[in-house]
Number of protein chains: 2
Amino acid sequence: MNPSSILKSIYQHPQLNSAASEEIIKAHKKVFFKKGEIILKEGQQSNAYYCMESGLARAFAVNSAGKDITTSFFSPGNVVIEVASLFLRVPTEENIEAVTACECWKIDFSDFQALFEKIQGFSEWGRTWMTNSLLENKLRSLHMITDSAKERYLRLQKEQPLIIQQAPLKQIATYLGVTDTSLSRIRNEVAKEH
Amino acid sequence: MNPSSILKSIYQHPQLNSAASEEIIKAHKKVFFKKGEIILKEGQQSNAYYCMESGLARAFAVNSAGKDITTSFFSPGNVVIEVASLFLRVPTEENIEAVTACECWKIDFSDFQALFEKIQGFSEWGRTWMTNSLLENKLRSLHMITDSAKERYLRLQKEQPLIIQQAPLKQIATYLGVTDTSLSRIRNEVAKEH
DNA sequence: TGAATTTCTTGCCCTATGACAAGCGTAATT
DNA sequence: AATTACGCTTGTCATAGGGCAAGAAATTCA
């Protein structure tokens, strides 16, 4: 199976030459998930991560009241991963689920770890990836504080329109930190304004 | 100047032996900041990070309305760092400020980078540190969504009492995502309940 | 196809929190 | 001591968004 341009773009980095990124890419295998399929379940230990080729997935946490809160969405070009469980080698407290049918490139932790130590520049690649994740997360917290529900919705619509189109309202609502009722009203209001 | 036990504990990691951590620690120099002093200013590029020995610092972002929002606090044992600017080599969009007088161990990026490539296991140390930061940030977003203002205050009080004691109310308020007025009322209410 | 189930919308009312403004205590400045 | 400044509290009122429940619409399944 040929590696896709998406997979190549994920491993694009100033400190990874083409031989290195090719070797990394070779360690990935194509896998598929059906709509609704659980990719990682709370309590399990994560032993791999996935590069998203097509489809949409989400991570969610279940709070004490049994309510599920979407904590992130994974679109094509994103790395589908539960960082804490994978790198700290502990059971995950989150779930990852395929929102639509997904096509992914899987790499096992043991293969990743071997390449991480072997390949010059792979740790810098990882550091850059982590840095960007951290940045995104910080922005998410910040917007949660400074922006209204409507502003958060509009930002998501602008920056990640595919999520709005593909995920059910309830999942988007918990991701934005509002109830589904409120999001429905916001959506209505936005539609009225054209 | 002798490295402190705090500094040693920061560089404690299964994949760093004592010779390695000692070499890393040697690259740090003691620096002091006065109360209110700016450690990193928006627009600058970060070229170092600091291990907090004593005192309290905070990072804050200034939004378009000119309002400052505390995005994190740094206590003894924490690493005072603006990850995005330091690792992506870009100007920072955040400020870091000493809330009280601070005593820190500084390491320059160039020294860090040289050790990162030289020392076996240092990249795993960094990955673990990043993983924990990411985890903390995700929890912060999650609690912002699931918990009430009062619950967020009580959690901070329980988990980081020094912040409550040392930082002015307004800074804590923006960190928790409430107005200073509301936080004052919450505090009053909590005091009444003993 | 029709029944069952899930998802989304809407109405009504309520509560937590925000906006603004005034007051108060403490500490530094003269 | 009076003055200013700062940080915190409190009052009044306004409002975004939540809780709950009834439908409507869409999807799934038998």
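In what follows, every chain begins at residue 1, and chains take the letters A, B, ... in the order their sequences are listed.
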Report the end-to-end axis angle of the helix from C:dT1-D:dA30 to C:dT30-D:dA1; each axis comes from five terminal pairs, and the value is rounded to 10°. 40°

Checking all strands, does A:Gly36 fall into the base, sugar-phosphate, or nothing category for heavy-atom contacts under 4.0 angstrom? nothing

Using chain A heavy atoms and a threshold of under 4.0 Å, write down where along DNA chain C the contacts begin and end, 5' to 3'. C:dT7 to C:dC12

Side-chain donor-acceptor contacts of residues 33-43 of chain A below 3.5 Å, not counting sequence neighbours, with atom names and distances?
unit_1  : atom_1 : unit_2  : atom_2 : d
A:Glu37 : OE1    : A:Lys34 : N      : 2.7

Identify which one of A:Arg58, A:Glu94, A:Glu82 satisfies the side-chain hydrogen bond (donor to acceptor under 3.5 Å, both in side chains) criterion when paired with A:Thr71. A:Glu94

Among A:Tyr49, A:Tyr11, A:Tyr50, A:Trp105, side-chain hydrogen bond (donor to acceptor under 3.5 Å, both in side chains) partner for A:His28: A:Tyr11

Roughly how many Å is it from [atom1] in [X] to [atom2] in [N], rounded to a whole number?
| X | N | atom1 | atom2 | value |
| --- | --- | --- | --- | --- |
| B:Ile186 | D:dT10 | CD1 | P | 14 Å |
| B:Ile172 | D:dT9 | CD1 | P | 10 Å |
| B:Asp180 | D:dT9 | CG | C1' | 10 Å |

For residues 139-167 of chain B, which residues have at least one heavy atom under 4.0 Å from DNA chain D? none

Mark up nucleotides 19-30 of chain D, 5' to 3', with B wherever a protein heavy atom is under 4.0 angstrom from a base atom, S wherever such an atom reaches only the sugar-phosphate, and - elsewhere. BB-------S--

When the ring centroid of A:Phe112 is compared with that of A:Phe87, is the distance short of 6.0 Å? yes

Tell me yes or no: between the side chains of [X] and [Y], is some donor less than 3.5 Å from an acceptor?
| X | Y | value |
| --- | --- | --- |
| B:Arg127 | B:Asn132 | no |
| A:Trp125 | A:Gln15 | no |
| B:Glu53 | B:Ser4 | yes |

Which donor-acceptor pairs under 3.5 Å do side chains of residues 149-168 of chain B form with protein atoms, sequence neighbours excluded?
unit_1   : atom_1 : unit_2   : atom_2 : d
B:Lys150 : NZ     : B:Glu189 : OE2    : 3.2
B:Lys150 : NZ     : B:Glu193 : OE2    : 2.7
B:Glu151 : OE1    : B:Ser148 : N      : 2.8
B:Glu151 : OE1    : B:Ser148 : OG     : 3.4
B:Arg152 : NE     : B:Leu176 : O      : 2.9
B:Arg152 : NH1    : B:Asp147 : O      : 2.9
B:Arg152 : NH2    : B:Leu176 : O      : 2.8
B:Arg155 : NH1    : B:Asp147 : OD2    : 2.4

At under 4.0 Å, does any side-chain N or O of A:Ser182 touch on OP1 or OP2 of D:dG17? no

Want to settle it: does A:Leu183 or B:Leu183 sit nearer the 5' end of DNA chain D, counting the closest nucleotide to each? B:Leu183

